[in-house]
Engineer: 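One structure, as structure tokens, below. Some questions next.
Owing to the predicted nature of the structure, the values given are computational and were not obtained by experimental measurement.
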Amino acid sequence: MSDLHIYNSFNRQKEKFESITPGHVGLYVCGPTVSGESHLGHARPYVTFDVVNRYLQHLGYKVRYVRNITDAGHFEEEGREAEDKIAGKALLEKLEPMELVHKYTELFHWGMRLFNCQSPSIEPTATGHVIEQISMIEDIIQKGYGYEKNGSVYFDVKKYAEHYPYGKLSGRKIDELLETTRDLDGQDEKINKVDFALWKNAPPEHLMRWKSPWGEGFPGWHIECSAMSSKYLGTEFDIHGGGMDLQFPHHESEIAQSTIAHGHAPARYWMHNNMITINGKKMGKSYNNVIKMTELFSGNHPILEQAYHPMVVRFYILQTHYRSTLDFSNEALQASEKALRRLWEAYELLKKTNHPGNAVAKDAALNDQVKNFCNECADFMNDDLNTAKVIASLFELAPIINGIKGGQVKADAIDAATFALLQSTFKTYLEDILGLQALQAEQNSNKMDKVLSVLIDIRKDAKQRKDFATSDQIRNKLTEFGIQLKDEKDGTVSYTIE
RNA sequence: GGUCGGGUGGCCGAGUGGUUAGGCUCAGCUCUGCAAAAGCUGCUACAGCGGUUCGAACCCGCUCUCGACCUCCA
């Protein structure tokens, strides 16, 4: 169906993508834990896999994109203690976990919309699938790989490793893991330190709790993804994605659970995006260096020099390959903003440009060049989604588009078919696949247009009288308000609004 | 400590054994009443040391250095 090759973390190499069911793709991406506000670091996987999703669709696949919401866990909010539950407070004073979950889910969706991420086909919640998780745990116990202790259930990793290649995805060796000396919660209940929880007994102060065959508790940290992905995509689906930091233990555990419950690993291709760093360090909760989406868009953060438009952030993310780290800096974001502006203006220009319709190009070399830059975009996407190179190609084309307008390039230098290809390439890649949008809303409201045309006319008169003081005053004042007038070569005046 | 991945021009960032990544910045030029925008040109790098090779930033080894994972984390 295509020549798409993706880097499969499981085998550590690029592989040709072939879907299990022809024409269809099952894509599962680990979603956010909605116990707090989403930050810039979260933007990366969701933008990355949004492009994966978009590109697969572009290739003609029908994609079922499942991205979960993790809303089960030990939730607290600053100033509101989890112990509320047993403190004898009135109901409305207590922390209601679903209140938090709802708030942060909404905020997450808000961010996704601004980033122009397509909504997944299904967005299942962990709390909505407790039954499925319990039944999967029962299955694992029955097959002899799960054991109960004090109302908690653990997965027997050592036993699993004796029969299956545990650690392959994350490059871990069971023997080394067994030697690790870390003191973790509930360690004494486990047979081996490497075992992970499938179900946890809920202490009295724990807010979220469900009845289970093992008493009141809550699901373990990895089982939700296994239960939900198999429910909606089948026990074996095409692509499983997420951040690199989830490779271990999360994805490794998913593989183990699913292998026991279903007899095979859940996904064929594992894709992992790299981290966003700030001053070279990963942006993450534990490092206390996150920039929340709300702060990013408003500029309200000590290290932010300005607010950044969501599209600028999206573009910034896509200028780097998804498997490379991406370092945050004001300078980098500002460079991206300028770059995106320029590229988008070329695109807008391209949409408005008319081609004389000649079937034969006057400049064969240029014509070939244009065709080449257009066509190689597909190759770059097929090569493990190299969005950075796609963008580079589009930038190669921008001067040609601008040149046609500026007169440096004759419109008939390229033929009609190539011009059409140029137009469709920009539309397809910029909008459909990279999912980019204009930085400003449709600026040309009718009234604004009329007001400006009055000013432009006055200025034109002044210029004709060589009254440059007046003409410059008009232009400079407007510039102050963020409206930039441009005297075009053909004598017309255009404007852009920041 | 173990495992893995990086170190590219002023900055951000692609990449391949041999020809220009791209963006931003900067300088010059063209256009312009002047600007802005645009176009053109220039700045031409691959941590260090060895090795393989006709040829390496790209392959191998060593050194230095940064980071990720090993614990909730996108």
Side-chain angles (χ1 to χ4, degrees), chain A residues 12 29-33 35-36 38-49 70 73-74 167 170-173 175-177 179-185 194 221 241-250 252 272-277 279-287 290 315-316 319-321 323-343 345-346 349 380 383 386-396 398-409 463-464 466-468 471-472 475-476 479 484-489 494-496:
Chain A
R12 285 147 203 275
V29 174
C30 290
T33 301
S35 61
S38 301
H39 62 260
L40 175 58
H42 294 112
R44 175 97 109 139
Y46 306 129
V47 167
T48 298
F49 290 103
T70 297
H74 192 83
S170 56
R172 229 113 320 208
K173 293 197 180 87
D175 297 331
E176 286 164 4
L177 289 171
E179 286 165 20
T180 309
T181 54
R182 269 186 192 271
D183 281 329
L184 294 173
D185 193 39
V194 285
W221 304 288
M244 256 178 192
D245 48 353
L246 295 181
Q247 223 167 357
F248 189 90
H250 187 59
E252 200 70 69
H272 295 279
N273 63 274
N274 214 133
M275 303 293 105
I276 285 183
T277 59
N279 294 324
K281 279 237 188 312
K282 175 185 160 188
M283 185 176 287
K285 274 189 225 161
S286 0
Y287 296 99
V290 301
F315 184 72
Y316 166 68
Q319 269 183 304
T320 308
H321 187 86
R323 282 192 288 114
S324 301
T325 53
L326 173 57
D327 198 53
F328 170 87
S329 70
N330 282 289
E331 216 184 344
L333 260 302
Q334 283 159 15
S336 284
E337 182 174 326
K338 284 194 179 171
L340 177 57
R341 272 224 159 82
R342 196 163 83 83
L343 193 57
E345 269 174 31
L349 207 54
F380 294 146
D383 183 16
N386 199 328
T387 54
K389 283 202 134 191
V390 170
I391 290 171
S393 290
L394 296 178
F395 266 113
E396 293 279 9
I400 297 168
I401 297 167
N402 289 329
I404 290 175
K405 165 134 200 249
Q408 295 93 339
V409 178
K463 275 176 69 177
Q464 260 157 16
K466 304 255 186 231
D467 177 8
F468 296 124
S471 69
D472 285 352
R475 189 178 62 200
N476 295 341
T479 304
Q484 185 66 250
L485 294 187
K486 295 178 197 168
D487 292 326
E488 302 291 353
K489 290 230 170 74
S494 66
Y495 67 90
T496 54

Engineer: What residues, two or more places apart in sequence or in another chain, satisfy side chain to side chain donor-acceptor pair (under 3.5 Å) together with A:Gln334?
Structural biologist: A:Glu305, A:Gln306, A:Tyr308
Engineer: Sequence neighbours excluded, which residues qualify as salt bridge (Lys or Arg N to Asp or Glu O under 4.0 Å) partners of A:Arg341?
Structural biologist: A:Glu337
Engineer: Taking side chain to side chain donor-acceptor pair (under 3.5 Å) as the test, write out the residues that go with A:His321, two or more places apart.
Structural biologist: A:Asp384
Engineer: Regarding A:Ser170 and A:Glu252, do their side chains bring together a donor and an acceptor under 3.5 Å, going by distance alone?
Structural biologist: yes
Engineer: Side chains of A:Ser324 and A:Asn274: any donor to acceptor distance under 3.5 Å?
Structural biologist: no
Engineer: For residues 387-396 of chain A, pull every pair meeting salt bridge (Lys or Arg N to Asp or Glu O under 4.0 Å), keeping only residues two or more places apart or in separate chains.
Structural biologist: none
Engineer: From the list B:G15, B:A74, B:C69, which nucleotide is the closest neighbour of the side chain of A:His321?
Structural biologist: B:G15
Engineer: B:U25 and B:C43: how far apart are their C1' atoms, nearest whole angstrom?
Structural biologist: 11 Å
Engineer: When you measure only distances, ignoring hydrogens and angles, does the side chain of A:Asp472 come within 3.5 Å of the base of B:G33 through a donor and an acceptor?
Structural biologist: yes
Engineer: How is A:Ile276 classified with respect to the nucleic acid when contacts are heavy atoms under 4.0 Å: base, sugar-phosphate, or nothing?
Structural biologist: base
Engineer: Given B:A14, B:C69, B:A74, which nucleotide is nearest the side-chain atoms of A:Phe248?
Structural biologist: B:C69
Engineer: What N/O pairs connect the protein and nucleotides 65-67 of chain B at under 3.5 Å? Give each pair on its own line.
Structural biologist:
unit_1	atom_1	unit_2	atom_2	d
B:G67	OP1	A:Lys281	NZ	2.9

Engineer: Let me have a per-nucleotide readout for nucleotides 21-32 of chain B, 5' to 3', with B, S or -, counting only protein heavy atoms under 4.0 Å.
Structural biologist: BSSSS-----S-
Engineer: Heavy atoms from C-beta onward define the side chain here; which of B:G2, B:G13, B:A74 lies closest to that of A:Met283?
Structural biologist: B:A74
Engineer: Is the base of B:A74 touched by the side chain of A:Arg44 through a donor-acceptor pair closer than 3.5 angstrom?
Structural biologist: no
Engineer: Distance from A:Leu326 atom CG to A:Thr320 atom OG1, nearest 0.5 Å?
Structural biologist: 4.0 Å
Engineer: Measuring from A:Ser494:OG to A:Glu345:CD, what's the distance to the nearest 0.5 Å?
Structural biologist: 8.5 Å
Engineer: If you check the A:Ser324 side chain, which of B:A74, B:C12, B:A14 turns out closest?
Structural biologist: B:A14
